[in-house]
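Here is the structure we will look at, set down as structure tokens.
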Amino acid sequence: MTFEARSRILIVDTDVDFADSIRELLSEEEIEIDSARNSSEAFDELFRSPYDALLVNMTLGNESGLDILRELNLSGSLLPVIVMTSHASIETVAAATNLNAFDYITRPVDKTELFSVIRSALRSSRKASTDPRNQTSGKTAPIIGQSGAMVQVYKAVARVAQTSSTVLITGESGTGKELIARAIHDHSNRSRNSFIPINCGALSETLLESELFGHQKGAFTGANTAHVGIFESASGGTVFLDEVSETSAAFQIKLLRVLQEKTIKPVGSTKEKPVDVRIIAATNQTMEALMNSSFRKDLLY
């Protein structure tokens, strides 16, 4: 049997035929499907009887499925909500994720994916998870694409954006690594502060260190004035280190200290300064290639 017995799902969609098609798909399972055409009908159903999960369309005529998510959040409900849309984008995935949507699927619905998501939602409903995610807001990175693979990318961006973790993005040149980095920043709680990209492979080691860490007056030939580095000037924001795998071992040691201790030492200075930046790095190498290269394993970890 695919699903737990006596499960109940409420589909909220203006398309009655779609609700009927889902009911038909699940006709052989011991699961009950009810439907509502808008938020008013949905809450009438929810007040009337208990459900194990909701399947909500993003667009409900003049309403948005996100309105239902907001109302459920305000009520403290832990009911898992699966959001559906015909037009996937980083904006819609992030919005749904920030409102604690359980998952996000595109239409037309793939039967295997739908069953998998519903199964997980029902399992979650029974565990009554009490770990709601923090809401964030931000600008929008210009990422397009509605394929299944892109939806997975949107989901990953939305999840990672809500954490403070350091991120490493891998991918061939031209695949949009900086766009992904910007999207993570734009949908994080740092979105109101700076996002500063720097191409590590385009600068010499000395210049890269000076740009990021800053330098004291007289630290080297030509250093006629003190210079505040990017790590310090981007306080509260995000620094994107593109092609980080092109950096030297000496620089990697210093970068590791930034990640571990949250401090920097400007070139020519003997004093460390605390910094508050999130680092997102990118490389055109694969993880396997990095593991087998001279790149520091402790930094990679």
Side-chain angles (χ1 to χ4, degrees), residues 1-75 77-125 140 143-155 157-158:
M1 183 179 295
T2 304
F3 299 103
E4 296 284 349
R6 296 179 297 280
S7 295
R8 299 189 70 199
I9 294 177
L10 177 64
I11 300 176
V12 187
D13 200 314
T14 55
D15 187 347
V16 177
D17 290 337
F18 175 78
D20 288 341
S21 68
I22 296 298
R23 184 180 289 107
E24 185 176 344
L25 280 177
L26 299 173
S27 61
E28 297 181 2
E29 309 297 336
E30 292 188 36
I31 187 168
E32 184 176 342
I33 301 291
D34 292 326
S35 61
R37 292 172 296 179
N38 53 48
S39 60
S40 178
E41 290 184 7
F43 283 108
D44 284 345
E45 290 291 338
L46 290 172
F47 288 138
R48 222 181 339 257
S49 56
Y51 287 90
D52 298 296
L54 261 68
L55 197 59
V56 179
N57 195 6
M58 180 69 78
T59 304
L60 298 172
N62 295 325
E63 297 181 325
S64 168
L66 297 181
D67 296 332
I68 294 176
L69 275 170
R70 291 189 186 95
E71 289 294 328
L72 290 173
N73 278 339
L74 289 173
S75 71
S77 171
L78 297 174
L79 189 66
V81 180
I82 302 165
V83 176
M84 304 175 293
T85 183
S86 300
H87 305 286
S89 69
I90 184 64
E91 300 99 318
T92 55
V93 175
T97 302
N98 291 340
L99 288 172
N100 298 333
F102 179 80
D103 211 330
Y104 181 101
I105 59 178
T106 54
R107 296 175 59 173
V109 174
D110 176 79
K111 180 179 178 180
T112 301
E113 179 186 15
L114 177 65
F115 276 37
S116 176
V117 171
I118 288 178
R119 188 183 304 112
S120 297
L122 295 178
R123 190 180 304 121
S124 172
S125 180
T140 300
I143 304 175
I144 60 175
Q146 298 183 30
S147 68
M150 286 306 299
V151 169
Q152 294 306 313
V153 171
Y154 298 156
K155 288 181 181 179
V157 167

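The side-chain heavy atoms of Asp67 and Arg70, taken from C-beta on, include a pair separated by under 4.5 Å. The shortest side-chain heavy-atom distance between Ile33 and Leu55 does not fall under the 4.5 Å cut-off. By the 4.5 Å heavy-atom criterion applied to side chains, Asn57 and Arg107 are counted as neighbours. Contact check for Ser35 versus Phe18: no side-chain heavy atoms found under the 4.5 Å cut-off. Using a 4.5 Å cut-off on side-chain heavy atoms (C-beta onward), Leu25 and Ile22 make contact. Using a 4.5 Å cut-off on side-chain heavy atoms (C-beta onward), Arg119 and Arg123 make contact. Met58 has its side chain out of reach of Asp13: every pair of non-hydrogen atoms, C-beta onward, lies at least 4.5 Å apart. Considering only heavy atoms from C-beta on, Leu122 comes within 4.5 Å of Ile31 through its side chain.
Gly65 and Val56 make their closest contact through CA-CG1, 3.7 Å (heavy atoms, listed as atom of the first residue, atom of the second, distance). Nearest heavy-atom pair across Arg37 and Val16 is CD-CG2, 4.2 Å. Residues Ile68 and Phe43 approach most closely at O-CZ, 4.0 Å, considering heavy atoms.
In summary, the side chains of Tyr104 and Thr92 do present a donor paired with an acceptor at a separation below 3.5 Å, with no hydrogens or angles considered.
With Leu54 as the partner, the side-chain contact (heavy atoms from CB on, under 4.5 Å) test is satisfied by one option alone out of Val81, Ile82, Leu69: Val81. The side-chain contact (heavy atoms from CB on, under 4.5 Å) test with Asp34 singles out one residue from Leu10, Ile9, Val12, and that residue is Leu10.
For Ser40, the side chain to side chain contact (heavy atoms under 4.5 Å, CB included) test picks out Asn38, Asp44, with sequence neighbours left out. Under the rule for a side-chain hydrogen bond (donor to acceptor under 3.5 Å, both in side chains), the partners of Glu63 that lie at least two apart in sequence or sit in another chain are Ser39. In terms of the side chain to side chain contact (heavy atoms under 4.5 Å, CB included) criterion, residue partners of Ala95 (sequence neighbours excluded) are, by chain and number, Leu66.
For the atom pair Met84 CE and Asp103 CG, the distance stands at 12.5 Å (nearest 0.5 Å). Rounded to the nearest 0.5 Å, atoms CD1 (Ile118) and CD (Glu113) are 10.5 Å apart.
Between the side chain of Thr97 and the backbone N or O of Ala94 there is no donor-acceptor pair closer than 3.5 Å. In this structure, the side chain of Ser64 does not engage the main chain of Leu60 through any donor-acceptor pair within 3.5 Å.
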Requested in this report: Apply side-chain contact (heavy atoms from CB on, under 4.5 Å) to Leu46 and Leu79, showing your working.
Outcome: CA-CA 10 Å; Leu46 290 172; Leu79 189 66; 3.9 Å; yes

